[in-house]
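Numbered from 1 within each chain, the chains take letters A, B, ... in sequence-line order.
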There are 2 protein chains.
Amino acid sequence: MTTSFSIPTLDDVARAAGVSTATVSRCLNAEQKVSKDTRDRVMEAVDALGYTPNFNARAMAAKRTYTIGAIIPTMENAIFARGLQAFQETLHGLGYNLLVSSSAYRPELEAEQIRGLVARGADGLLLIGYEREQSVYDYLGKRGIPTMLAWSYLPDRPHASVGFDNRASMRVLADRVISMGHRRVAVISGIVDGNDRAEGRLNGIKDSWVANGFDLADLPVIETPYEIENGATAFETLMNGTQKPSVIMCGNDVLAAGAMTRAKELGYDIPNDVSVTGFDDIELAKHLHPSLTTVHVPHREMGRTAARELVNLIDGSSTTVHRQLNVSIIMRNSLAQV
Amino acid sequence: MTTSFSIPTLDDVARAAGVSTATVSRCLNAEQKVSKDTRDRVMEAVDALGYTPNFNARAMAAKRTYTIGAIIPTMENAIFARGLQAFQETLHGLGYNLLVSSSAYRPELEAEQIRGLVARGADGLLLIGYEREQSVYDYLGKRGIPTMLAWSYLPDRPHASVGFDNRASMRVLADRVISMGHRRVAVISGIVDGNDRAEGRLNGIKDSWVANGFDLADLPVIETPYEIENGATAFETLMNGTQKPSVIMCGNDVLAAGAMTRAKELGYDIPNDVSVTGFDDIELAKHLHPSLTTVHVPHREMGRTAARELVNLIDGSSTTVHRQLNVSIIMRNSLAQV
DNA sequence: TTGTAGGCGTTATCAA
DNA sequence: TTGATAACGCCTACAA
């Protein structure tokens, strides 16, 4: 008996079941087009041989992969984790797989990964925010790759988007902060260059500051990458400035967590000595001490919506849409009246 | 002029450059086998057309994808993030790409994703721990897929592994805890079933407990999924038990963070009322208040080593190896003498 | 150094 | 309901 131990192919299954490869293929993809009788026989052979379709061959022949690519700036902190999880779950329910890469906030890496995902035959793409070279959009357009932009609401853009207005959201929080009597405000922002979310958030604070009649020259801002340690460093820098702030507004919860840690180390009482605010409402926010006042983003809803709308786009059952999600201010204990 | 806007193929490039497809292919893959002259001409055509090789076609023809698949239990918390990041960076440097999926700690999902990754032509796989159905290993073996098991050191297993001895490591911490006078110890463990790391850690504590002459009946253990909220709940349950523990040892830092949060909410002072320990030393650990005593795992080194050894396995330049990494106890402020 | 041609494992079209 | 057969886009002996 000469048994082959090589990986079984469609051909092997067909031979084992005594049918043509076409029939086996039908059993796997459109089972209603095959008589129950032969289908049973085929499936038996499939099981017996432990056959798994070759994805690459399938992709080539079908010109369809049922996979979506997603490129997020980082996996290192929790910002995108929840939303992506929901995205992936919803996709799974719709019969799609998800491929994830992270760009480390580097545009050229993102571009490379976009090409890679497209080369792999991704049926659609999920990208974060909109700020990237036009050539990237040209590439996507030329290839006809349905693309969904998330974490930002972009009604004026030609690409589908689902998210919220970072600028307006942060402005609401800033208005609130100022209405509570704070006049010495300082900001720890994410790096604005190349990051429209960070830029929007910072501008939201500036909008409020100016609208309330203050001078931008009196609004200290530190820009630093979204890392907990950087929040700590920035906090110390700001508190050593010429005029101690009464509140420090942070571009996200990670920076805020770092700021609060350093505050404690330096003996500052939050919120009595200085208030701190965040953005995102990651799980950690309510577990910090004191709990963090922040802007709640509906990450899971965003992920679900992105998945559904992107699949609609791919199906052709809908055209470019823009879905705006509501955020809300979560008042906890890190922000106090002045 | 009739310009085609379809996606360019090797054929298009060949025609544009006035060479055969074989030559173009060589330019892209083994450029030393082509004269500089024609190579320049070819590359020019590549750029002009914006050509990107079709990954699936390439994979079929070459039977090689230069991609590694990794399946981790979860992306939701930071446990695997750092190690995976290092894994990916090292891989990139070696000319490989990484595909990540998460199994949500569900074995059947993991099995499905393994098949998916293999079907996609992954040259090798990274899996976490060893506890999974034999059929999975059979499948991998039959297909001849080089596989690296990480987060555990498994010298007795037939698969390559890189990691540390979870059981022995946790035992060292437990010995330390007991030597500091603690006699009322309680444990918040991860779910042990199907998770050899969690099981090892729990057993490490039990080893120490028994070796020190105590009775396992006096060691309260709560098993709960690795989520911050679960750590909080478990803490409260334990503190409401018949005998309040003087120390709560947690299966990882996430559970510990939750426990500490609830402690604060309930008015317990850590470490004076009760000590808390963790495992992993995630970034957050030193930012908690008080800072968390825990077991430091060299995540980045683990990721780098896993990448290098896995690629060696694929190249055939090495055979199954087992690499043990050293962990260390990080004494911070959440653990006090009794 | 370059070109020719066969094959990789599917799906899909067209007949039967 | 089923079976031939032609793509799909690339790599790689083998020849020239």
**Student:** For the pair made of CG in A:Asp40 and C1' in D:dT1, what is the distance, rounded to whole Å?
**Tutor:** 15 Å
**Student:** Looking only at side-chain N and O atoms, does A:Thr67 offer a donor or acceptor that is under 3.5 Å from a partner on A:Asp123?
**Tutor:** no
**Student:** Return the value, rounded to whole Å, for the distance between atom CD of A:Gln32 and atom C1' of D:dT2.
**Tutor:** 15 Å
**Student:** Using a cut-off of 4.0 Å between protein heavy atoms and nucleotide atoms, how would you tag nucleotides 8-16 of chain C 5' to 3' with B, S and -?
**Tutor:** BBBBBB---
**Student:** For a side chain to side chain contact (heavy atoms under 4.5 Å, CB included) check, start with the C-alpha distance between A:Val162 and A:Glu309, then their side-chain angles and the critical distance, and finish with the verdict.
**Tutor:** CA-CA 9 Å; A:Val162 49; A:Glu309 294 297 350; over 6 Å; no
**Student:** To the nearest angstrom, how far is B:Asp37 atom CG from C:dT1 atom C1'?
**Tutor:** 11 Å
**Student:** Which residues pass the ring pair (Phe, Tyr, Trp, His ring centres under 6.0 Å) test with A:Tyr66, not counting sequence neighbours?
**Tutor:** A:Tyr96
**Student:** Quick one: does NZ or CZ of A:Arg115 land under 6.0 Å from the six-membered ring centre of A:Tyr139, within 45 degrees of the ring axis?
**Tutor:** yes
**Student:** So, OP1 or OP2 of C:dT2: does either fall under 4.0 Å of a side-chain N or O from B:Ser35?
**Tutor:** yes
**Student:** Quick check on the 6.0 Å ring-centre criterion: do B:Tyr130 and B:His159 meet it?
**Tutor:** no
**Student:** After noting the C-alpha distance and the side-chain angles of A:Tyr137 and A:Arg132, does the key distance pass the side chain to side chain donor-acceptor pair (under 3.5 Å) rule?
**Tutor:** CA-CA 8 Å; A:Tyr137 290 117; A:Arg132 52 183 60 81; 3.0 Å; yes
**Student:** In terms of side-chain heavy atoms, does A:Asp196 have a donor or acceptor partner in A:Ser152 at a distance below 3.5 Å?
**Tutor:** yes
**Student:** Just N and O in the side chain of A:Thr23: are any of them under 4.0 Å from OP1 or OP2 of D:dG3?
**Tutor:** yes
**Student:** Note the angle between the end axes of the helix from C:dT1-D:dA16 to C:dA16-D:dT1, five pairs defining each, rounded to 10 degrees.
**Tutor:** 30°
**Student:** Once you round it to whole Å, what is the distance between P of D:dA7 and CZ of A:Arg64?
**Tutor:** 23 Å
**Student:** Once the angle between the rings of B:Trp151 and B:His299 is folded into 0 to 90°, is it parallel (under 30°), tilted (30 to 60°) or perpendicular (over 60°)?
**Tutor:** tilted
